[in-house]
Amino acid sequence: MRVESVRGMRDILPEEAWVWQAVEEMLRQVFALYGYEEIRLPVVERAELFSRGVGETTEVVHKEMYVFPDRKGLELALRPEATASVVRAYLEHGLYAKGGVTKLYYLGPMFRYEKPQMGRQRQFHQYGVEALGSLDPALDAEVMALAWHLMEALELRGEHLLFRVNSIGCREDRPKYREALRSYFAPHAAGLCPDCQRRLEENPLRILDCKEPACRELAGAAPRATDHLCPGCKEHFGQVLSFLDALGLVYVEDPTLVRGLDYYTRTVFELASRELGAQDALLGGGRYDDLAELLGGAPTPGVGFAGGMERLILVLTGQGVGAQERPLLDVYVVPIGGEAKRPAVELLTRLRKAGLAADMDYVGRSLRKMMEIAGKRARYALILGPDELVRDQATVKNLATGESQTFSLAEVPERLRGLAERSC
RNA sequence: GGGAGCGUAGCUCAGUUGGCAGAGCACCGCGCUGUGGCCGCGGCGGUCGCGGGUUCAAGUCCCGUCGCUCCUCCCA
């Protein structure tokens, strides 16, 4: 049988890849507006980075991570997310030594062993930002504003987007809140779904975002994380919300919002789209003030988020982005007869050196066919036949208007550049 | 991990109670090597996902398997 790609890992073909490039370009521009610089991280890390950072008991780590030993038996993992790597790199290279807030962004593939479906692949791609070194609630709000700015820059229609925010407190608050949840749910344990009965012991916070109707109903009246915050966390959350208001950001406070990664503290948020079906989270993030310590570094607060490229592009194409024309060639060179081949090849090179995107046929297509290809792919056809050659000329045809002009071979690249610039 | 549906040409899909493998689009050629879009004619293109089974005969029925899609789950 023919060798095929691995389940959950797909190719992004040119017809789609150019949309990715355009989106990535837009993301980079907006990141730069907020003072973020790119960091490029390895795709493979020590498995320990994630079991310590993201949490041994999280689904992402203990059920979905690609783990394998290298040839010397070192436990490695394909990264399931990038925040732990960013913090690892921050500590490893002493980026804190520069003082102030370190703002980093990344783009790249992540890996999780899940059942693939629409908007969920085993190799998927995330864009994300991390701001390290400040506890300031204004920074939480700024990170969220940046996320919203991205959506606006990409012209995502706001009515399909919902920003949810919550605070899950610090490491002192969390055990207390967990206990509060346990004692609330314990008497109703029989009414919970089997998963949640297990969660009651392991991680009662996750009962809150269970979608089982019975669990949801119970969760509705459950104690709220925001009622179990220490004074410091309460103050912080209040400040975050007031900065969000000041920035004019529309959001919903959602006391059931809990994230699946253990490193989150205080602020957590999520941006969902109604256009995505079951996998509706476009991006998610929050604060992770203990992560640096979990990884053996000095205490360093941080906030950030990560978004899924595939889902972003799904929403964008759903809104008709990418339906317009792909970038065209400037020129398609059409030689007529064998004599013209050599000058055509030479001319191609000169066109390209002049900065014009140019191509020609290499499979021996008929003149008519070459013109047809030119009409589809290029703005101009450059016809080079015996008639032109005797005069050292070429015919340039504007494929949108059908008009032709004749130029001397020597000046063709220059003249075409002039035409191409005017028509842009 | 649990549940459901679907896999036929590059793409979108027909294919009757089991009886010769089809269409449209795309691609290539010709009409028309001196000019693309329209039209006409012709052509290329298939391990019917894969492997078994039932049958005189399987795209069609049965079992398994892989893949995709949806729900659940998880999250980006």
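All chains are named by letter (A, B, ...) in the order of the sequence lines, taking the proteins before the strands, and each is independently numbered beginning at 1. Just so it is clear, the values below take in all heavy atoms, side chains as well, and ignore hydrogens, waters and symmetry mates.
- Across rA57(B) and rG67(B), the matching C1' atoms stand 29 Å from one another, rounded to whole Å.
- Rounded to a whole Å, the CZ atom of Arg7(A) is 11 Å from the C1' atom of rU69(B).
- Checking the phosphate oxygens (OP1, OP2) of rC28(B), a side-chain nitrogen or oxygen of Arg365(A) falls inside 4.0 Å.
- Side-chain atoms of Pro116(A) lie closest to rU69(B) of the nucleotides rA76(B), rG36(B), rU69(B).
- No donor-acceptor contact under 3.5 Å links the side chain of Lys397(A) to the base of rG34(B).
- Comparing the P positions of rC61(B) and rA14(B) gives a spacing of 14 Å, expressed to the nearest Å.
- Taking the P atoms as reference points, rG42(B) lies 22 Å from rG36(B), given to the whole Å.
- With hydrogens and angles ignored, no donor-acceptor pair closer than 3.5 Å exists between the side chain of Glu372(A) and the base of rU35(B).
- Here, rG15(B) and rG19(B) have their C1' atoms 13 Å apart, quoted to the whole Å.
- The residue among Gly375(A) and Pro335(A) whose nearest nucleotide of RNA chain B lies closer to the 5′ end is Pro335(A).
- Comparing the P positions of rC48(B) and rC25(B) gives a spacing of 25 Å, expressed to the nearest Å.
- Between the base of rG29(B) and the side chain of Lys369(A) there is no donor-acceptor pair shorter than 3.5 Å.
- One C1' atom belongs to rU33(B), the other to rG29(B), and the distance between them is 13 Å to the nearest Å.
- Within the nucleic acid shown, Glu59(A) comes within 4.0 Å of sugar-phosphate atoms alone, with no base atom in reach, counting heavy atoms only.
- Using N1 to N3 plus N6-O4 or O6-N4 for Watson-Crick, or N1-O2 and O6-N3 for G-U wobble, each under 3.5 Å, rC30(B) pairs with rG40(B).
- With hydrogens and angles left out, the side chain of Arg120(A) and the base of rC73(B) share a donor-acceptor pair within 3.5 Å.
- Salt-bridge annotation for Lys376(A) and Glu372(A): present, with a side-chain N of the basic residue lying under 4.0 Å from a carboxylate O of the acidic one.
- Atom OH of Tyr34(A) is surrounded by more than 12 heavy atoms from other residues, nucleotides or ligands within 6.0 Å.
- Minimum atom distance to the side chain of Leu367(A) is reached by rG34(B), of the listed rA76(B), rG34(B), rC68(B).
- As judged by a 4.0 angstrom heavy-atom cut-off over every strand, Gly128(A) is placed among residues making no nucleic acid contact.
- As judged by a 4.0 angstrom heavy-atom cut-off over every strand, Glu310(A) is placed among residues making no nucleic acid contact.
- Applying the 4.0 Å criterion to OP1 and OP2 of rC27(B), one finds that Lys376(A) has a side-chain N or O inside that range.
- Here rU35(B) presents its C1' atom at 14 Å from CG of Leu384(A), a figure rounded to the nearest Å.
- Base pairing of rG5(B) is made with rC68(B), judged by Watson-Crick or G-U wobble geometry with both donor-acceptor distances under 3.5 Å.
- Taking only side-chain nitrogens and oxygens, Arg311(A) never comes nearer than 4.0 Å to OP1 or OP2 of rA76(B).
- With sequence neighbours excluded, no residue satisfies ring-ring contact (aromatic ring centres under 6.0 Å, His included) with Phe407(A).
- Salt bridge annotation for Arg28(A)-Glu25(A): absent, with no cationic side-chain nitrogen under 4.0 angstrom from a carboxylate oxygen.
- The partner of rG46(B) cannot be assigned: no Watson-Crick or G-U wobble pair with both contacts below 3.5 Å exists in any strand.
- Remark: P of rG36(B) and CG of Asp359(A) are 20 Å apart, rounded to the nearest angstrom.
- Comparing rU35(B), rA76(B), rC71(B) against the side chain of Gln117(A) picks out rC71(B) as the nearest.
- Remark: Arg182(A) engages Glu179(A) in a salt bridge, criterion side-chain N to carboxylate O under 4.0 Å.
- Note on Gly260(A): only backbone sugar-phosphate atoms sit closer than 4.0 angstrom, heavy atoms only; bases stay farther off.
- Comparing the P positions of rG49(B) and rC68(B) gives a spacing of 16 Å, expressed to the nearest Å.
- Arg368(A) contributes no side-chain N or O that forms a donor-acceptor pair with the base of rG37(B) under 3.5 Å.
- Surrounding CD of Glu411(A) are more than 12 heavy atoms belonging to other residues, nucleotides or ligands, all under 6.0 Å away.
- Contact annotation for Asp280(A): base contact, defined as any heavy-atom pair under 4.0 Å involving a base atom.
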Apply side-chain hydrogen bond (donor to acceptor under 3.5 Å, both in side chains) to residues Glu45(A) and Ser85(A) and explain how you reach the verdict.
CA-CA 8 Å; Glu45(A) 295 272 8; Ser85(A) 296; 2.8 Å; yes
Could you walk me through whether Tyr105(A) and Phe31(A) pass the ring-ring contact (aromatic ring centres under 6.0 Å, His included) test, one step at a time?
CA-CA 7 Å; Tyr105(A) 79 84; Phe31(A) 292 152; 4.6 Å; yes
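- One C1' atom belongs to rG22(B), the other to rG64(B), and the distance between them is 30 Å to the nearest Å.
- At a threshold of 4.0 angstrom between heavy atoms, the contacts of Glu270(A) with the nucleic acid are absent.
- Judged by atom type and distance alone, Glu114(A) reaches the base of rA76(B) through a side-chain donor-acceptor pair under 3.5 Å.
- Distances shown here put a side-chain N or O of Ser366(A) below 4.0 Å from the OP1 or OP2 atom of rC30(B).
- Within 4.0 Å of Ala306(A), counting heavy atoms only, lie sugar-phosphate atoms of the nucleic acid but no base atom.
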